[in-house]
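Numbers restart at 1 for each chain; the letters A, B, ... are given by sequence-line order, proteins then strands.
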Amino acid sequence: MYDYKLRGRVFIGVIVVAMGLLSLRLAQLQLIQTDNYTVESETNALQERRVLPARGAIYDRAGRVLVNNEPSYTITITPRNFDRANIPLLADLLEIPDSVVSARFTELRRYSAFQSGKAFRDVPEDVFSRVAENFYRLPGVGYDRDFRRRYHTEATAAHVLGYVREITDNELVRLGGEGYRQGDLIGKSGLESGYESRLRGRLGSEIKIVNVHGLEVKSWQDGAFDNAPKNGYDIHLGLDSDLQALAESLFVGKRGGAVALDVNSGDILALVSMPDYEPDVFTESMDPATWNNLVTSPEKPLYNRATMNRLAPGSTWKPFMALMALQEGKITPTEHIYCPGYHRLGGPNVFRDMHVHGSIAMEEAIEQSCNTFFFELMMRTDVEVFSKYAHMFGFGQRVSADIGEQGAGLIPDSAYFNQRFPGWGPGFTINLGVGQGDMGVTPLQLARYVAAVANRGMLYTPHLVTRMVHQETGETLYPKIPAPEKLPIDEAHFDVVREGMKRVMEAGTGKWIQIPGIPSGGKTGTAQASHGRKDDSVFILFAPYDNPQIAVAVQVENAGFGAVAAGPIGSLMAEQYLTGSISSSPERQSILRSVLAVQSELLYKEDDEHGEADGESAESEPGDDA
Amino acid sequence: MRIWYRNLDYLTIFAWAFLVAIGLVAIYSTTNGPSAEYLLESVRNNFWRQLTWVAISLGAGLACLFLPVHFFQRIAWVAYLGTLILLAVALLYGREVNGARSWLHIGGLSLQVSEVAKVGAVLAGAQLISTMRPNSSRVKYAVFLLGVFLTPMALILLQNDAGTALVFFAVAPIALFWSIWPAGMSIVMAATGVAGYFSVVHLPTAIAFSVLFTLLVLWQARERLYGVMAAVFSFGSIVAVLFALNKIFRPHQVARILSFTNPGAEEFRSGVGFHLVQSKAAIGSGGLAGKGFMEGTQTQGAYVPEQSTDFVFSIIGEEWGFIGSMVVISMFALLLVRAIRMGIHIKHPFGSMAAVGIAGIFLVHVFVNIGMVVGLLPVIGIPLPFVSYGGSAMLANTVLLAILLNLHMRRDDFPIYVY
C-alpha cells in the first residue's frame, strides 16, 4: 500500500527543520541580541518617577514653628473607571455645580482616559473626608496627598520668610537641570528663596514598571535602584516670633520698616516691613485680582522696606557724627560749640536749629539734638572721611548675609558730589551732619550701627538663620556668617556717645518712652520727606544700657516726629524682648494706644512713591558700592 | 479481552498536559500579576475561564477515547456537512470578534466555528482517502481532497478570518502529499513556499533560490517535466506574490504583510509593526533564563497586544527565557513526531490520513504562530494550540488529539481488508 514510512520520515524531517528554524530564531533573539531587546523593553516599561522630599520647616529662636507643611488633598478622577451617572453625587459632595464636575471630567478624559488626573485641588479637609466616605460608591474617584506651606504664629514675617509658588516657565528653563518640573513649588522671595536648595532637600527617584497606558504597575526589581529622597533641612532663626508679632501689630496703618538685632551676635530678632501680605495667599491658587493688587498697589506690599528703604536717618545720625569727629580729633568730649539757633554758614534761615542751645558740649548736644553742633562737626570733616566712616559701620553697602532683597542705601563721597554738583562746596555737605541731604540708610543698616554703638565697637553681621538641622539625620549646618569686626574707634569715644544717648532717654526726646526699670540709650530722628509729605519718623535704641541685649532701628514713613511714631514702637519692642511682655502700667498702655493711633500719610496712586522710588534707584547710584 | 488502553500513547498525553499547563501559567501571569487591577473586568477572569475550558476539553477528549473507530468513519461526512452549515450560519448570523464574523452564541458559550471546523474537515478528508480504490482516478481524488479543505476555507475567508483560512489552505497540500502526490511533487511545493516567502522578504534571494532550485531539479531528476514544473512553480510563486502585493492588496494590507521584515521602521512602529516590536522586545529581553514568573515588564505592562491569545508565546519568552521557549518548542516537536509515528503505525488509510491531517494542522499552527511572534512571518492571527487563551481552539485541538489517540489505540479494530 502507501509507503507511510518514507513519507513519515519526510514529514518528521519537515517538523525538525521547522522547529529548528524557530529555535535558531529564538537563539538569535534571546541569546545573541538580548541586550538590544532588553534596552528596548526597559525604555518601554521602566519609568523613573520623582519622589518629592518634604520641604524643611522654619523655627524661631525659641524653637516655635513658623512654617511647616500640611497635607492638602486633591480629588482625582480616572476617566475610564468613572461612571458619568455619578456626576451629581460627586458634585453634591464637593458642593459645586454638576456642570463644573462634568466639564472637568471631559477635560481629563481628553488628556488621558487611563491616567488619574488631578480634578479638584486643595479640597478643604471636611469636604475631603465627606468625599472619602463615599469613595466606595464612586469608582474611578481617588485622591492625591500633596503638601502646602502652613504658617503657624501670629507673626506674619512675610518679608523674612518669603513665599513659595508654583514654578514659572522661565524658572523651569533655568532650573530644569535641578529636577524641577511643572507644578512644583519653589521659593520666590525671602528665606524660602534664599535657602531654596537647603529647604527643598534632594529629589528621590523610583523606577516603576508602567504599563502600555503609562500606569504604574509595580516597583522594578523590588526597588533595588530607587533613591530615597533626602528631606530638606529645618531652618532655625534668631527671630523672636512674639517680638515680631508685636512689632507687626504696632505698625498697623503705617508704612516703614523696623529691625531688631541681638547686640552680641547680630541675630535678627525682628524684621518688619509694612504694609505686608499674608504668605498664605500664595499657597492656594490665587485669583488674578489678588495678585494684581499685590503688584500694583502704591503701597507696594511685596517691597521690603526694612532692608531696601533708603530714607534719611535724620538725628539718629548724630551719634555716628560724634564718634567720627572724636576719633578723627575734630573735637574733644568737652569742647563747647556755640549754638545761636542756626549754623553761621548760611545765616539764620538756612541751616537752622529748633532751639538756641547756646554753648554746648558733645553729650548735651546729643541729648538736645543740637543741629548747629553737628553741622559744625561736618564742616570740620572732609566728605571722604565721612564716607569712610559710614562704610566702616556698614552704610552704603549691602550686608553680606542671608537677607536676599537689600538696598545699599546711599553714602556720598567727593566723587559723587563732583559728578552730581560740579563746583560743590560745604553748603552741599553740611546737611549730612544731621542725617539729611544726599544720603539714605535702611533700617537694617541703622540697627547694625546701633548694635555696634551699644557694644562699644563690635560690628556684627545681621543674619536671620542661626543653624540648619536635617529632619532625619539631625545633621546640623551653620551658615557662613562673616566674623564680627572691631571698629577702629577708641572705646572711650563710645562711652561719650552712649552717655549722650542715655541722656536722650532720660531727659531728651525719648524721656516719655523710657522702658520702665530698664535704662537704655536711644536717639530720635525726624527726617524731611520728599514730595513735601509729612516727615519720616526715625528712632534708634539699645537696651539695657549697661549690658545691651537688643538694638532697634525703626523708620515710619510720613508719620511726623521721631518721638511720636518710631520712638514708641522701638521702645515697646525692646520692652517686649527684655521682659517678655508690655507693662500694664497706665503710662505704657497709653503709649501703646497712642502709637496704634498714628498713621502714615496716605499715598495716592498718582503720587510718585516715596521710599520705593528711592530704593529702586539705589541700585544704580554711585553711593552704592556693595 | 485485551485491556483497552494498552496502546494509549502516554508521551502524547504528557506533551499535551505540559503545554496546557504552560499556557495556564502564562495566562495566570497576565491576569493575576501586579497589573491585574488595570485590566478590564472581562479580562480578569481569563485564567478561570481557560481552566473551565480545559476541563470541558478534557471531558470531550475522554469521551472521544471511548468511541469505537468506525464511529468516526461513519460520522465523518455528517460532521463535515454540519461544519459547513455551522460556518454558513456563523457567516450570516454570527457575532463579530476582532473583525472576524466566525463566532456563534450557543447557550452561555461563544464558539469560534472556524476552529471547530478543523475536526470535520480532517475526518472528511480521511474518509475520502480511505474510500479511494487503487484504480481510482488520482486527479479526481486530488481535486476532491482539495475541495474538502478549500470549501470551508472559502467560507472562513468570507468570515474575514484569514489566519484560520490559511491553516485549511496549508493542510490541503500536506494531505495530498500523504495520500496521492508522488514524493517529488512535495519538494516542488515546498520550494514554491520558500520562493514565495523570500519574494516578500528579499526579492534577489527569491530569484537566486528559484534559479538554483530549477537547475538542481534539471540536473537530478530523470524526467524533464520535473524541471519545467520546478521553474513554473518557483518563478510562478514570485510573480504571484509580486502581483498580489502590487495589484490586489490595498496599501494597508501590503503594509501589514511587509511590516514584519522591519517592524521597528518609522512608518510601522506605532501602527502595524507595534505588535512585533513589542513581542520581539518581550522575547529578546527574556534572555537565557527569563525575567521570572510575573516579572516580565512587557507582560505585566500589557505592551504586547493579544498577549494571552495569539501572542502568548511572548509571555513565555519573556518570563521563562530561552530555556522556557525551548521547552515549549521541544514539547511541540514531541507531540508532532508522536502524531506522525502514530500515523505510520495505524496503517489503515482513514486513521493514517486523520493522523497526518491533525499533525499538519498542529504544525501549521505552531510554525505560523511562533514564526509570527518572533518576527519570521507576517502577523497572521492564529492561536498557539493548547497554550493560547481561547476555549474553541482548546476544545477543537484537544478533540483532534483525542481522536488521533483513539484511532491509534484501537488501530487493530480497523477492518483488516485493505484495498
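- Note: A:Gln30 leads A:Met19, A:Gln30, A:Arg25 in heavy-atom pairs under 4.5 Å with chain B.
- At a 4.5 Å heavy-atom cutoff, the contact between B:Leu363 and chain A is made by side-chain atoms alone.
- For chain A, the nearby parts of B:Val366 are the backbone and the side chain; heavy atoms of each come within less than 4.5 Å.
- Around the CD atom of A:Glu125, the shell of radius 6.0 Å holds no more than 12 heavy atoms that belong to other residues, nucleotides or ligands.
- When each of B:Ala339, B:Ser352, B:Ala302 is checked for heavy-atom pairs under 4.5 Å with chain A, B:Ser352 comes out on top.
- Between chain B and the options A:Glu40, A:Gln28, A:Gln33, the largest number of non-hydrogen pairs under 4.5 Å is found for A:Glu40.
- A:Leu31 touches chain B through its side chain: at least one heavy atom from C-beta onward sits under 4.5 Å away, while N, CA, C and O do not.
- Annotation: maximal heavy-atom pairing with chain A below 4.5 Å, among B:Val374, B:Ile329, B:Val356, B:Ile344, occurs at B:Val374.
- Ring orientation note: the planes of B:Trp178 and A:Tyr4 are close to parallel, at an angle under 30° on the 30°/60° scale.
- Most heavy-atom pairs under 4.5 Å with chain B: of the set A:Thr38, A:Asn36, A:Ile32, this distinction falls to A:Thr38.
- Residue-environment remark: CZ (A:Arg9) stays at or below the threshold of 12 foreign heavy atoms within 6.0 Å.
- With respect to B:Lys291 and B:Glu319, no salt bridge is recorded, no charged nitrogen being found less than 4.0 Å from a carboxylate O.
- Comparing A:Leu22, A:Ile12, A:Val39 by heavy-atom pairs within less than 4.5 Å of chain B, the highest count is held by A:Leu22.
- Contact annotation for B:Ile187: neither backbone nor side-chain heavy atoms come within less than 4.5 Å of a heavy atom of chain A.
- In terms of heavy-atom pairs under 4.5 angstrom with chain A, the leader among B:Gly321, B:Gly290, B:Ala282, B:Pro305 is B:Gly321.
- Counting heavy atoms of neighbouring residues, nucleotides and ligands inside a 6.0 Å radius, atom CZ of A:Arg130 exceeds 12 of them.
- Contacts between B:Met294 and chain A at a heavy-atom distance below 4.5 Å involve the backbone alone (N, CA, C, O).
- Looking at B:Phe362, neither its backbone nor its side chain comes within 4.5 Å of chain A, counting heavy atoms on both sides.
- Under the 30°/60° scheme for interplanar angles, the aromatic rings of B:Phe414 and B:His348 are found to lie parallel.
- Taking a cutoff of 4.0 Å between a charged side-chain nitrogen and a carboxylate oxygen, A:Arg104 and A:Glu107 qualify as a salt bridge.
- Contact of B:Ile283 with chain A is made through backbone and side chain together, with heavy-atom distances under 4.5 Å.
- Only the side chain of A:Val14 comes within contact range of chain B, with heavy atoms under 4.5 Å apart.
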Ring pair (Phe, Tyr, Trp, His ring centres under 6.0 Å) for A:Phe82 and A:Phe105? Distances and angles first, verdict last. CA-CA 9 Å; A:Phe82 184 74; A:Phe105 170 72; 5.2 Å; yes
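- For B:Phe198, the CZ atom counts as loosely surrounded, since its 6.0 Å shell holds 12 or fewer non-hydrogen atoms of other residues, nucleotides or ligands.
- A:Arg150 and A:Asn69 share no donor-acceptor pair across their side chains, judged by distance under 3.5 Å alone.
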